[in-house]
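Notes follow the structure.
Below, chain A is the first sequence line, B the second, and so on; all start at residue 1. Just so we're clear, the structure is a prediction, and the values are computed from it rather than from any experiment.
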Amino acid sequence: MHDLKSLRLDAEPLRLSQRKRRADESVVDRLLALDEEHRACQTTIDNLRAKRNESSKAIGALKKAGEDASEQMESVRKIGEEIKTAEERMTACDNERGELLLTIPNILDGSVPDGADEESNILVRDSGTPPELGFEAKAHDDLGVALDILDFERAARLTGARFVVLKGYGAKLERALQNFFLDQNSSRGYTEVLPPTMVNRETMTANGNLPKFEEDLFGVNFKDYFLIPTAEVPLTNLYRSEILEKDQLPKYLTAYTPCFRAEAGAAGKDTRGIIRQHQFSKVELVKIVEPDTSFDELEKMVADAENLLQKLELPYRVMQLCSGDTGFNAAKTYDIEVWFPSQGKYREISSCSNCTDFQARRGMLRYRPEVGGNTAFPHTLNGSGLPIGRTLAAIIENYQQADGSLRVPKVLQPYLGTEVIA
RNA sequence: GGAGGGAUGGCUGAGUGGCUGAAAGCACCUCUUUGCUAAAGAGACGUACCGGUUUAAACCGGUACCGAGGGUUCGAAUCCCUCUCCCUCCGCCA
């Protein structure tokens, strides 16, 4: 959500950002027009209310003195009617303004390169040329099924497409990765959190998933709750509506949760394997920090995610997203992509974003830069650290051997109690 | 699921129609004095929006907010309705 006050002074940064995103620029003018009308209404109403308050007090005094006040009462009643009319107009303005404000994406950081889509993303660094396997790489799903650690058919029977059952070492690998990620993140200063997997509409709105992206979410019956698409949602909302003291920042949070995504726009994409599922598990990283530090904190968060891939010895590269590929909430995003030998390409495994004060505003999450001073909005950041499903797929593919067995990454061996899965 | 009780400022807690943006205490902040891991006294002390003014901060005026939304009334923290959450007891349950 945007700061109307600063938009009134200078809407050019938002206009520029909308252009760079290839998004509608006219919403900015509409927003400013509505805002002006809203403020005019409010001034009118404030003045009427001031008049009413004054008159009401006078009536109270008259009555106390035992005098007749019916004339004054009648005139105040009329003021009340005027107020009601003006309020209806203001509410209409407010609703449209609010709706618009909730659907305009964050302002891109100046460092974001211009471009329409992922073709224009920029390579920041990589872990070197991926090693050759020395034989033809099999796809992770074929290998997983053959090893009986992935089961798509029975998952389809239980639920439907885009679900998987993990069995034996598949299930154990999930648990090993969960523990490994959380242990690593904890050791790097993140506090482990176990939040609810379902959240209400306010939480989804503050995070930026609603009102615009409802079709991507799974709702639940009987309650206006939603299954979370990522732990980012409960974590960025953990302190919603609160005023934090300066010494409570920065907050570093990490959580393992199931994630649910409707994948409404992904028909036909990644239909094989466990790259794109309706349900998957993920360990998420979230930071709540002071504004001056947020871009440095983003770099550090990317390093935290990279640390996991380095320890797993998986080939990866870091990309900076261009303007057209940067998401709704984000001012700046790095994607980390991991190597998939069977596809001969890198696939996204982590997305780390600085959302600046965009989400904090939506959730009225504030802090006090100085004791006793005014409140300000902190910046929020999120990143995957890491998704279990895609990591599992990457491990299967990169650690496969010619005979169809898998080596187990060194760092996972203590968790798993074996060096080979065959 | 049934019965009952609650929700007030950072915290504790008064307050059943106008004098309450809200007593009192604690915490925090500033100042004074005495001084050694502290005490006493004085003062300040919610959030948001609109307007004035300002380079800005501060400041001044107004409005709204006592869980949320709606209603009654000239006027509501106070009365009525709906909802949410919390607590106690019973039932059920991983």
Inset, instruction - To the nearest Å, give me how far apart CE (A:M364) and C1' (B:A48) are. - result: 6 Å
Inset, instruction - Run through A:E96, A:E99, A:E37 and flag the one making a salt bridge (Lys or Arg N to Asp or Glu O under 4.0 Å) with A:R30. - result: A:E96
Inset, instruction - With C1' as the reference atom in both, quote the distance from B:U8 to B:A24 in angstrom, rounded to an integer. - result: 14 Å
Legend entry - Test item: side-chain donor near acceptor, A:Q248 and A:Y367, under 3.5 Å: no
Legend entry - Touch class at under 4.0 angstrom, heavy-atom based, for A:R8 against every strand present: sugar-phosphate
Inset, instruction - Decide whether A:D335 and A:S351 meet the rule of one side-chain donor and one side-chain acceptor closer than 3.5 Å. - result: yes
Inset, instruction - Verify the contact: side-chain N or O of A:R366 to OP1 or OP2 of B:A48, cut-off strictly under 4.0 Å; return yes or no. - result: yes
Inset, instruction - Take the protein atom CG of A:L9 and the nucleotide atom P of B:A56, then report the distance between them rounded to whole Å. - result: 9 Å
Inset, instruction - Could you measure between the two C1' atoms, the one in B:G6 and the one in B:U54, and give it in whole Å? - result: 48 Å
Legend entry - Length of the CZ-P vector between A:R240 and B:A68, whole Å: 14 Å
Inset, instruction - Return the nucleotide paired to B:U54: Watson-Crick means purine N1 to pyrimidine N3 with N6-O4 or O6-N4, wobble means G-U with N1-O2 and O6-N3, both under 3.5 Å. - result: none
Legend entry - Atom P, compared across B:U63 and B:C26: separation rounded to whole Å: 33 Å
Would you tabulate the pairs of protein nitrogen or oxygen atoms and nucleotide nitrogen or oxygen atoms of nucleotides 59-62 of chain B closer than 3.5 angstrom?
residue : atom : partner : partner atom : Å
B:G62   : N2   : A:D46   : OD2          : 3.1

Legend entry - Rounded interatomic separation in angstrom, taking NZ from A:K5 and P from B:A56: 13 Å
Inset, instruction - Rounded to whole angstrom, note down the C1' distance from B:C93 over to B:A27. - result: 43 Å
Legend entry - Base-pairing assignment for B:C89 (Watson-Crick or G-U wobble, both under 3.5 Å): B:G2
Legend entry - Sub-4.5 Å side-chain heavy-atom contact between A:Y252 and A:D304: no
Inset, instruction - Provide the distance between the two C1' atoms, one in B:G62 and one in B:G4, to the nearest whole Å. - result: 44 Å
Legend entry - Pairing nucleotide - B:A94, Watson-Crick or G-U, each distance under 3.5 Å: none
Legend entry - Donor-acceptor side-chain pairing of A:E232 and A:T236 below 3.5 angstrom: no
Legend entry - Same-atom distance (P) from B:U20 to B:A3, integer angstrom: 41 Å
Legend entry - Base-pairing assignment for B:C65 (Watson-Crick or G-U wobble, both under 3.5 Å): B:G46
Inset, instruction - Find the partner of B:A14: check Watson-Crick (N1-N3 plus N6-O4 or O6-N4) and G-U wobble (N1-O2, O6-N3) distances, both under 3.5 Å, and reply none if neither fits. - result: none
Inset, instruction - Using whole Å, report how far CE of A:M90 lies from P of B:U63. - result: 14 Å
Inset, instruction - Please determine, by modelled atom types, if A:T356 and A:N106 share a side-chain donor-acceptor pair under 3.5 angstrom. - result: yes
Legend entry - Separation of the C1' atoms in B:G13 and B:G25, to the nearest angstrom: 8 Å
Distance-only donor-acceptor hits, side chain of residues 159-175 of chain A, under 3.5 Å, sequence neighbours excluded:
residue : atom : partner : partner atom : Å
A:R162  : NH1  : A:K269  : O            : 3.3
A:R162  : NH1  : A:D270  : O            : 3.3
A:R162  : NH1  : A:R276  : O            : 3.1
A:R162  : NH2  : A:A266  : O            : 3.0
A:R162  : NH2  : A:K269  : O            : 3.0
A:K167  : NZ   : A:D148  : OD1          : 3.1
A:K167  : NZ   : A:D151  : OD2          : 2.9
A:E174  : OE2  : A:Y256  : OH           : 2.7
A:E174  : OE2  : A:S281  : OG           : 2.8

Inset, instruction - Tell me which nucleotide among B:C50, B:U72, B:C74 gets nearest to the side chain of A:T43. - result: B:C50
Inset, instruction - Could you check whether A:F377 gets within reach of a base, just the sugar-phosphate, or nothing at all, counting any heavy atom under 4.0 Å? - result: nothing
Legend entry - Separation of A:N179 CG from A:D183 CG (nearest 0.5 Å): 6.0 Å
Legend entry - Base paired to B:C28 (Watson-Crick or G-U; both N/O distances under 3.5 angstrom): none
Legend entry - Side-chain H-bond candidate by donor/acceptor type, A:N200 with A:T203, under 3.5 Å: yes
Inset, instruction - Give the rounded distance in Å between these two atoms: CG of A:D224 and C1' of B:C83. - result: 13 Å
Inset, instruction - Mind checking A:S55 for me? I need base, sugar-phosphate or nothing, with any heavy atom below 4.0 Å counting as a touch. - result: nothing
Inset, instruction - Could you state the atom-to-atom distance from NE2 of A:H38 to P of B:U63 in whole Å? - result: 17 Å
Inset, instruction - Check every strand shown and say whether A:K78 touches a base, only sugar-phosphate, or nothing at a heavy-atom separation below 4.0 Å. - result: nothing
Legend entry - Distance, C1' atom - from B:C31 to B:G46, rounded to whole angstrom: 23 Å
Legend entry - Distance, rounded to the nearest Å, where A:R77 contributes CZ and B:U73 contributes C1': 9 Å
